[in-house]
Structures are given as C-alpha cells and as structure tokens.
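In the text below, chain A, chain B and the rest are named by the order of the sequence lines, each starting its count at 1.
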Number of protein chains: 2
Amino acid sequence: MYEKVLIAEDMDDINKGVYSLLKELGIPEIQQVQYCDDAHLKLKKGVFDKDPFQLLITDLSFKSDHRNEKLASGEALVAQARAEFPKLKIIVYSVEDRLQRVRSLIANYKIDAYVCKSRTGLKSLAEAIKSTYTNQLYLSTEVSNALSRKSELEINDYDILLIKHLAKGLSQDEISHLFKQKDISPSSLSSIEKHLNRLRIQFKANNAIHLVAITKDLGLI
Amino acid sequence: MYEKVLIAEDMDDINKGVYSLLKELGIPEIQQVQYCDDAHLKLKKGVFDKDPFQLLITDLSFKSDHRNEKLASGEALVAQARAEFPKLKIIVYSVEDRLQRVRSLIANYKIDAYVCKSRTGLKSLAEAIKSTYTNQLYLSTEVSNALSRKSELEINDYDILLIKHLAKGLSQDEISHLFKQKDISPSSLSSIEKHLNRLRIQFKANNAIHLVAITKDLGLI
DNA sequence: TAACTCTTTGTGGATTTCCGTAAGGCATAC
DNA sequence: GTATGCCTTACGGAAATCCACAAAGAGTTA
C-alpha cells in the first residue's frame, strides 16, 4: 500500500475526514495542506529529499482568500503536478459531478481516479486508493459513465462560454462581434442563435433567460 | 455544555469531521443522519422519549438520490424543526455564503447560528456551539455583516416574484396574464416592464438575462 | 377643492430574440 | 468522381424586449 500521501483540500472538516480514512487504511505518512501552492511545494520537497509522495488526493475548488496563489485552482495543481511528477498518482476528490469535467481531467492530465464527494464519498475514496495502487483507473459511481460514448452529446466549452457571456449581459450580436475579434469559431450571429437554440432544447428552456437560470442552477456557469 | 446533539449532513467525510469536533468538545451524546427526513424523525423521537435534542447542526444542501424525501432540503428541515421544536437550538453549517440567504434564515426561522464551511469552518463551528449555548446569535466571519447593512434591501417581494418568474422562463406577457389571474397588482405588461427596468438600473444589468444572473448570484432568487 | 406627486396603464417604435429555410464549405463514404 | 451528412453562414418574418412619452388614477398636502 502507499507509504506517503498528500491531501490538498481547503476545508478543514473534509481534510480531517480524509485523514482519518487514510489512517484507517494504515498509511504511515500523511501530510495535509489547505492551499494549492503549499501542495506544490510539498511535492517538490519530497522529490528533493529523495522521498517523493506516491499519491496526491486533491479537491478541485479552493476558495481564494488573502493569499494570492500562483496555482489558483485544483485543476492548476493537477496540471502542474502531472507535468512535473509523471509517476505521482493523482486522485481528484470533488463535489463536481459533470461528466465533461471528469473526461477532460482524464484526457488532459491522466488523473488516476475521480471520486465525487457524496454520502458515500469516503467509501469510494477508499476503493479509489486501492485501485490506483494497482494502476487501475477508478471512477466513483456518479461519474462512472464519463468514458462511455453514449453521453457524448453533452455540452462543450464553447457552449459554456456562450452562456457565460449571455449571463454577463451581452447581446447575441455583441457576442458575435466579440467572437470574431477573438477568432473564436463559429462567430456569426446565425450560428450563435443556432447553438443557443440547441441548448434551449437540450435543457428544456423556454428562452435565453430560462437557459441561463437553469445552467446557473446546475453550476455549469 | 450541550448534552445531546444531532448532525444532519449528507456527505460522510464532513459528517465525520463535525463528529470528531463534538467529541473533542466533550459532548456525550451525538447522533448523525444523512437525510433530512431521518433528522426530523430523530428529533421527534427525542421529544417522545422525553429526552429531546438540544442542538441541531445541519447543512443546507442535500443531494437527492433514490429515496424520495418529504423534507427535500436543509431549509425545509430547519423550517419544520423550528415550527415543531421552538426550544431547539439550530446551527446551519453550509458552504453558502450569500448574505441574503443568511438573513432570510434568521428572519424566517430564527436560527441560532450560521457557519460557513471554509478552511477554518470547524473552528468557527466550535465558537458557534459555545455562543448558542449561552443564547448568543453567532455568525462566522464570512457572513458577519449579514445583519449590518440592510441598505440594499430596497427591493420588495413583488420584485423578487417578478424576477423569479422571469427565471422560470415566463415571458413578460405571460407574467402579466398570471398576475391578472392571481390578482397581483400591478399586472399590466407596461408596469411589469417599468418595474423590470427599474431593477435593471438598480442592479446595473444590461438586460433581463443579466438581471436574473446577478440576482441569482446574490441569492435573491 | 386644487395642486402636486407617485404609480399604474397605454401606445408606438427601435432593437433584439426567436424560428424556419436555404445556400455554401468540408469531410467521409460509396 | 458523386453522394451524404454535418456545420457555418445568411436572410426574412413573427414575437418579445427595450425605451420614451403620454394619460389616467390614487393619495397627500395646502
């Protein structure tokens, strides 16, 4: 089993919960940090001391406070960690349950497991730890079909961007101009209308207002 | 100090963290539930057994799963608990940090403390427990000014209702018809336009979409 | 009562969104 | 090569919004 594990999680209560789980699993060396930058430092120090961490368990969202950090999000931490320490196992442990998000983490950073925080989050996390130790990708049940092809008709980054700009108060015409200016394709008013229309249908929204309200409730934007 | 405390929190890791905090505080009887309905049952049973809970610590958001519950949210649980057990102390422990939300919980249900989950959430929770035991309202630092600045409260229930219906996807014309039907005044399309226009100016919103997005972020709707 | 203010309601017009249709580009399959 | 499907773009009309101004009503004050 793992000998040396790092937990990156800003909320102290969860941090505590994960810590006691690792203790129960009999892992001898456990370190905890509440900031992404601290996590990065610890990882580097481990390598420097010739005693590297074998596993990183990290959240995705870290509330920002007075400190201004270089690594502003869990995703940034994952990206950095994967780039610098290819052998490090990474488990993402987050409330986020959007399949698209999970997919992109796996595709871009080759994370070793994704566990949704939930009623049974800790149990899943325990399984994830065991699976990753034997080099098996682990996804908790909530997101287990993130890799199946069926859910391909999800929304992509372009759609999110579109809705975000809508929510910021831009008209469709203004978005069109902005996209042209930034070389984001498609940028024609007609295409923007078409994409929004598809999204409205997909989310069963009556109009653009409704669409923004729904996606906000879902936490997509 | 409290003798009998109930924790309602769906995520097992946080539940674990809170539990160990209460243990450290020397509270002898601690019970935990992961569903609102279970919390309600426990509270009722306590009274029935002539050994009522003195304190409820509850989250606001509970993910729904296969069970279909009567009390679908933490707020519903709080409402029910306050109505049935006026002497029960209630601490809400949630990530939600919108002042309006805190305000309405205090105004409507007379909760005894509101603690934001954060890096130092557990520490705040400990203070909240002590404060409430001496009948003092406690608000964690993130939301401590929820009661001070009531300046922004120039919007009334009519405005909120209006925006809520917008967010549900109704057109201004449909809202007009609905209001006429329900005898809500003013109900003319013209007046609805005028009110929305005032709100847009007030919130510096470019259009109705923007207005809904802003008020949603503020937790007004 | 008259003057004043505030709110509701109405009207017209510019702008934007909504929705269908159609043309053109581009890749893949036959 | 041609056919096919998918996507972008364009255009036009209906509907909804945004906005300015005017009229009617209700309440207040002098």
Short side-chain N/O contact to D:dT8 OP1/OP2 from A:His195, under 4.0 Å: yes
Contacts of A:Lys45 that satisfy salt bridge (Lys or Arg N to Asp or Glu O under 4.0 Å) - sequence neighbours left out: A:Asp49
Decide, yes or no, whether a salt bridge links A:Lys164 with A:Asp157 under the criterion of side-chain N to carboxylate O below 4.0 Å. no
Please report the distance, rounded to the nearest Å, between CD1 in B:Ile201 and P in D:dA20. 9 Å
Looking at B:Arg200, I'd like to know whether one of its side-chain N or O atoms comes within less than 4.0 Å of OP1 or OP2 on D:dT17. no
Separation of C:dC18 C1' from A:Leu162 CG (nearest whole Å): 15 Å
Under the ring pair (Phe, Tyr, Trp, His ring centres under 6.0 Å) rule, collect the residues that match up with B:His40, sequence neighbours excluded. none
Could you check whether A:Tyr2 and A:Tyr133 have their ring centres less than 6.0 Å apart? yes
So, using side chain to side chain donor-acceptor pair (under 3.5 Å) as the criterion, who are the partners of B:Asn135 when residues are at least two apart? B:Lys89
Spacing between B:Tyr158 atom OH and C:dT7 atom C1', to the nearest angstrom: 11 Å
From CG of A:Asp173 across to P of D:dA10 the rounded distance in Å is 12 Å
Sequence neighbours left out, cut at 3.5 Å: what donor-acceptor pairs do the side chains of residues 120-127 of chain A make with other protein atoms?
from	atom 1	to	atom 2	distance (Å)
A:Ser124	OG	A:Thr120	O	3.4
A:Glu127	OE1	A:Tyr138	OH	3.2

Send over the distance from A:Asn156 CG to D:dC6 P, rounded to a whole Å. 17 Å
Ignoring backbone atoms, establish whether A:Gln172 has a side-chain N or O less than 4.0 Å from OP1 or OP2 of C:dC18. yes
Non-neighbouring partners of A:Lys16 that pass side chain to side chain donor-acceptor pair (under 3.5 Å), sequence neighbours left out: B:Glu24
A:Asn207 CG - D:dT17 C1' separation (whole Å): 11 Å
Would you kindly give the CG-to-P distance between A:Leu196 and C:dC19, to the nearest whole Å? 11 Å
Measure CD1/B:Ile209 against P/C:dC18 and give the value in whole Å, please. 7 Å
When every nucleotide of nucleotides 9-15 of chain C is labelled 5' to 3' by its protein contacts under 4.0 Å (heavy atoms), B for base, S for sugar-phosphate only, - for none, what sequence of letters results? BB-----
